[in-house]
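Note that ligands are numbered from 1 as they come in the structure, with each ligand's atoms numbered from 1 the same way.
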Amino acid sequence: DAGAYKNILVSAAGNGVTLITLNRPKALNALNSELFTELNEATAAADEDPSVGAIVITGSEKAFAAGADIKEMRNKEFAEAYKGNFLGHWTKISQIRKPIIAAVSGYALGGGCELAMMCDIILAAPNANFGQPEINLGVIPGAGGSQRLTHALGKSLSMEIVLTGKNVTADDAERHGLISRVVREGDVVEEAIKVGATIAKKGQVAVQAAKEAVNASFELPLAEGLRFERRLFQALFATKDQKEGMGAFAEKRKAKFTNE
Ligand code: HXC
């Protein structure tokens, strides 16, 4: 029940898209434990809902998220962080099977940048600002920043960001491949929903397989990744959507996928 959430807003954006808005505006959407638990619940619910084909996560105009909640972390001790697997539950977002699009305006710093990078596609407003400023707090990125940023940007720029704490602009992020594109001011959420709606119209078995295959490229050596891709490709010939998709092409009509 969406009304039960305190730190996020969840709504149906139409055309098979669920919109999740991080909603701690006074703290620039700093990510506390409760917010992440809610985000996990909301994304898991969307993942299970057959009427949903894609998820959009956004924040406010000023901040996608300014990082993990520093005030909440401030007095943590090692034993507590370790025993409680602090931040362990953050990675659940990356296990969601449906595509997630981050619509980033303003600050995406620290855990906020990491959250955006856990999404499948990042679209950014011109004022978006990405960075991993943890070094200024005496720590380092803890939810994938050192790994996903490096995969996206390469070693040199990632090192500069992680070691100096400097941020990069939306244009820089686009130029270096961190995001797919910068969207005109004021349009980023609408555009993300459009992309989500486009995806939601495809056969959902193929969409899930495509996401799985692309993600495998981050984990598997090339030969294994190619084998994995080919098996998934072959498996899709067992679906009705493949018969429908190829049949519709041959018959010069529009495909009507049933997600089977
Ligand atoms: C807790 C935060 C916060 C954060 C902002 N706020 N970021 N609270 N945790 N990460 C709060 C401020 O304390 C302030 O609350 C309010 O939001 C508005 O912020 P201001 O600083 O007044 O705004 P502004 O001057 O515009 O500066 C914006 C900013 C700055 C540059 C983004 O807030 C900032 O540097 N924030 C911290 C960024 C950061 O270090 N992120 C990494 C966090 S560590 P009050 O009550 O004073 O109004 C991290 C670790 C990840 O993410 C590890 C794995 C997840």
Closest non-hydrogen protein atom to [atom], residue and atom name please, with distance?
{"atom": "atom 55 (C) of ligand 1", "result": "Trp90 CZ3, 3.2 Å"}
{"atom": "atom 6 (N) of ligand 1", "result": "Ala27 O, 3.7 Å"}
{"atom": "atom 40 (O) of ligand 1", "result": "Pro133 CG, 3.5 Å"}
{"atom": "atom 26 (O) of ligand 1", "result": "Lys62 NZ, 2.7 Å"}
{"atom": "atom 30 (C) of ligand 1", "result": "Leu28 CD1, 4.7 Å"}
{"atom": "atom 53 (C) of ligand 1", "result": "Gly142 N, 3.5 Å"}
{"atom": "atom 3 (C) of ligand 1", "result": "Ala30 CB, 3.9 Å"}

Tell me, do Ile101 and Ile57 make a side-chain contact under 4.5 Å, heavy atoms counted?
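Not touching, per the 4.5 Å side-chain cut-off.
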Side chains of Ile199 and Ile121: does their closest heavy-atom pair fall under 4.5 Å?
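Of all side-chain heavy-atom pairs linking Ile121 with Ile199, at least one is under 4.5 Å.
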Check: Asp171/Thr169 side-chain N/O donor and acceptor closer than 3.5 Å:
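The criterion, which ignores hydrogens and geometry beyond distance, is not satisfied for Thr169 and Asp171.
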Proximal candidate to [atom] [heavy atom criterion; set [options]]:
{"atom": "atom 49 (C) of ligand 1", "options": "Ala63, Ala65, Ala68", "value": "Ala68"}
{"atom": "atom 39 (C) of ligand 1", "options": "Gly67, Gly110, Ala66, Gly131", "value": "Ala66"}
{"atom": "atom 37 (C) of ligand 1", "options": "Asn32, Asn29, Ile70", "value": "Ile70"}
{"atom": "atom 15 (O) of ligand 1", "options": "Glu134, Arg24, Lys71", "value": "Lys71"}

Test of understanding: given a 4.0 Å heavy-atom threshold, classify the contact between [X] and ligand 1 as side chain, backbone, both, or neither.
{"X": "Leu137", "value": "side chain"}
{"X": "Leu87", "value": "side chain"}
{"X": "Lys26", "value": "backbone"}

If you scan the protein for heavy atoms around [atom], do you find one that is closer than 4.0 Å?
{"atom": "atom 46 (O) of ligand 1", "result": "yes"}
{"atom": "atom 10 (N) of ligand 1", "result": "yes"}
{"atom": "atom 34 (C) of ligand 1", "result": "no"}

Quick test of your reading of the model: are [X] and [Y] salt-bridged, counting only N-O distances below 4.0 Å?
{"X": "Glu77", "Y": "Lys83", "value": "no"}
{"X": "Glu48", "Y": "Arg97", "value": "yes"}
{"X": "Glu38", "Y": "Lys6", "value": "no"}
{"X": "Lys240", "Y": "Glu244", "value": "no"}

List, by chain and then residue number, the residues other than Phe237 in its hydrophobic cluster (Ile/Leu/Val/Met/Phe/Trp/Tyr, side-chain heavy atoms under 4.5 Å); write none if there are no others.
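Grouped by the 4.5 Å side-chain rule, Phe233, Met246 form the rest of the cluster around Phe237.
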Closer than 3.5 angstrom, by distance alone: can the side chain of [X] be matched with the main-chain N or O of [Y] as a donor-acceptor pair?
{"X": "Glu114", "Y": "Gly67", "answer": "no"}
{"X": "Asn215", "Y": "Ser94", "answer": "no"}
{"X": "Lys98", "Y": "Asp49", "answer": "yes"}

Fit a plane to each ring of Trp90 and Phe36, take the angle between them on a 0 to 90° scale, and name the class: parallel (under 30°), tilted (30 to 60°) or perpendicular (over 60°).
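Trp90 and Phe36: parallel rings.
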Heavy-atom contacts with Glu114 under 4.0 Å: which atoms of ligand 1 show up? List them by number with element.
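Those qualifying, in numeric order: 51 (C), 53 (C), 54 (C), 55 (C).
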Which of the atoms in ligand 1, numbered in the order shown and given with their element, are less than 4.0 Å from a heavy-atom of Ala143?
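Going through ligand 1 atom by atom, the ones under 4.0 Å from Ala143 are 54 (C), 55 (C).
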